[in-house]
Structures are given as structure tokens and as C-alpha cells.
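To start, the structure itself, in C-alpha cells.
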Amino acid sequence: MIHRVRKLSLSLALIAGILAFGQPSAYTLEEFKFEQPGQHEAFRDLIAKLRCLVCQNESLAGSQAGVAQDLREEVYRMMLEGQSDQEIVTFLVDRYGDFVLYEPPMKPSTYILWFGPFIFLGVGGYLLFRTLGRKKDEAEEDLSEAERARLQRLLAASGDNQEKLK
């Protein structure tokens with residue numbers, strides 16, 4: 001019992017030490033200060049529309065990656081310089097491509113993103129109906145005499161086993 005208490009105390013002390021002296025890895029949006037009240041919300045909305053280049057499925061607002069923090073700071077700097085949202089987005093798209101946008105523009109290079117799921121769904125549905133149609137057209141073969149005899153033996157044997165169980 002004392003051994004368990006020591007282990008638990010040591011574990012709690014280790015966790016407390018990590019929490020007290022460990023370097024915080026989480027970033028918050030509160031570190032970005034704006035003079036005008038609406039700018040903070042505009043900043044938050046803008047970085048929510050931009051994708052983290054490392055995490056790929058998180059926005060700049062939610063990502064904890066170092067690259068995301070760098071891009072948040074870049075967006076913050078550009079907003080403080082007075083650039084519009086469109087100018088900031090254009091800068092980021094020129095630098096990183098459409099990948100940085102959660103909602104990429106509709107153009108030939110992004111058609112597969114917009115229409116790909118519908119194409120795959122249509123092709124899958126076509127193949128499913130075609131396969132089901134072929135199965136329906138195939139005639140079921142009757143059992144051969146040897147297969148019928150074997151089936152009769154199996155059924156008779158299973159009937160014997162059921163009678164033995166009773």
C-alpha cells in the first residue's frame with residue numbers, strides 16, 4: 001500500500017512539475033491585440049477561412065503547429081498595415097496556392113475537388129447497378145446428381161445427429 005502511495009505521489013509531482021515548468025505549446029488568439037474593436041473578430045474570421053499548411057484539416061485559428069502560428073502573425077502584421085482581407089488572401093494564395101483556402105475557387109485545376117465526389121459516386125452507382133443486373137440475368141444452375149446425392153447424405157447425417165442430441 002505504501003509503495004502505491006509513493007508511486008502515485010511521484011506521478012503527481014512529475015505532472016505538477018511538467019505543468020509548472022514546461023514550455024507552453026498552445027497558442028491563443030488573445031496574444032493578438034488590435035486597436036479597433038471589430039478587427040479582432042475580422043482577424044479571427046479570416047484565419048478561420050485559411051487552412052494550416054501542416055495540419056491540413058485544421059484552420060489557422062485552430063492549429064497548434066508552428067507554421068500556423070507564423071502565418072497568424074503574418075496575417076496579423078498585414079492587417080495592422082491596413083491591407084484588406086482580399087489582399088491578404090491573394091498574398092497567401094500566391095505564396096502557397098489554393099491549398100491554403102478551405103473553399104478553393106472553382107477553376108479547371110480545382111474541378112476534381114468540386115466534382116470528384118459526384119463523379120466517383122456516379123461511377124460507383126453505375127458499376128453497382130451493372131453488376132446487380134448481370135447477376136439477375138444469369139440463370140441459376142441446378143445441382144448435379146452427384147451434388148444432390150451428397151446434399152441428401154448431409155441432410156440425413158444432420159438429422160441423425162439431431163436425433164442423437166435428443
Looking at [atom1] of [X] and [atom2] of [Y], how far apart are the two atoms once the value is rounded to the nearest 0.5 Å?
| X | Y | atom1 | atom2 | result |
| --- | --- | --- | --- | --- |
| L53 | R95 | CG | CZ | 10.0 Å |
| Q36 | Q39 | CD | CD | 4.5 Å |
| L128 | R130 | CG | CZ | 12.0 Å |
| I88 | L46 | CD1 | CG | 5.5 Å |

Give a yes or no answer on whether the side chain of [X] reaches the backbone of [Y] with a donor-acceptor pair at less than 3.5 Å.
| X | Y | result |
| --- | --- | --- |
| R51 | E58 | no |
| W114 | K107 | no |
| R72 | L60 | yes |
| Y76 | K33 | yes |

Locate the shortest heavy-atom distance separating [X] from [Y]; write the atom from each residue and the value.
| X | Y | answer |
| --- | --- | --- |
| M78 | E87 | CE-O, 4.4 Å |
| T110 | P105 | OG1-O, 2.5 Å |
| C55 | C52 | N-SG, 3.3 Å |

List in chain and number order the residues that pass side chain to side chain contact (heavy atoms under 4.5 Å, CB included) with T90, two or more places apart in sequence or in another chain; answer none if no residue qualifies. Q86, D94

Decide side chain to side chain contact (heavy atoms under 4.5 Å, CB included) for M79 and F32; before the verdict, give the C-alpha distance in whole Å, the side-chain angles of both, and the deciding distance to 0.1 Å. CA-CA 11 Å; M79 286 188 81; F32 300 102; over 6 Å; no

Got a salt bridge between K49 and D85, using NZ or NE/NH1/NH2 to carboxylate O under 4.0 Å? no

Are [X] and [Y] linked, directly or through other ILVMFWY residues, by side chains that come within less than 4.5 angstrom of each other?
| X | Y | value |
| --- | --- | --- |
| L155 | L143 | yes |
| L113 | L92 | no |
| F129 | I119 | no |
| Y102 | V54 | no |
| Y111 | V123 | yes |

Side chains of V100 and V93: does their closest heavy-atom pair fall under 4.5 Å? yes

I47 side chain near S59 side chain, heavy-atom distance below 4.5 Å: no

Would Q69 and E73 count as having a side-chain donor-acceptor pair, cut-off 3.5 Å? yes

Measure the acute angle between the ring planes of F34 and F43, then classify it against the limits of 30° and 60° as parallel, tilted or perpendicular. tilted

Working for salt bridge (charged side-chain N to carboxylate O under 4.0 Å, His left out), residues E147 and R150: CA-CA 5 Å; E147 291 170 333; R150 183 170 181 245; over 6 Å; no

Go through the structure and list residues passing ring pair (Phe, Tyr, Trp, His ring centres under 6.0 Å) with Y96, not counting sequence neighbours. none

For E103, all residues meeting side chain to side chain donor-acceptor pair (under 3.5 Å), sequence neighbours excluded: none

Other residues, nucleotides and ligands only: do more than 12 of their heavy atoms fall within 6.0 Å of CD on E41? yes

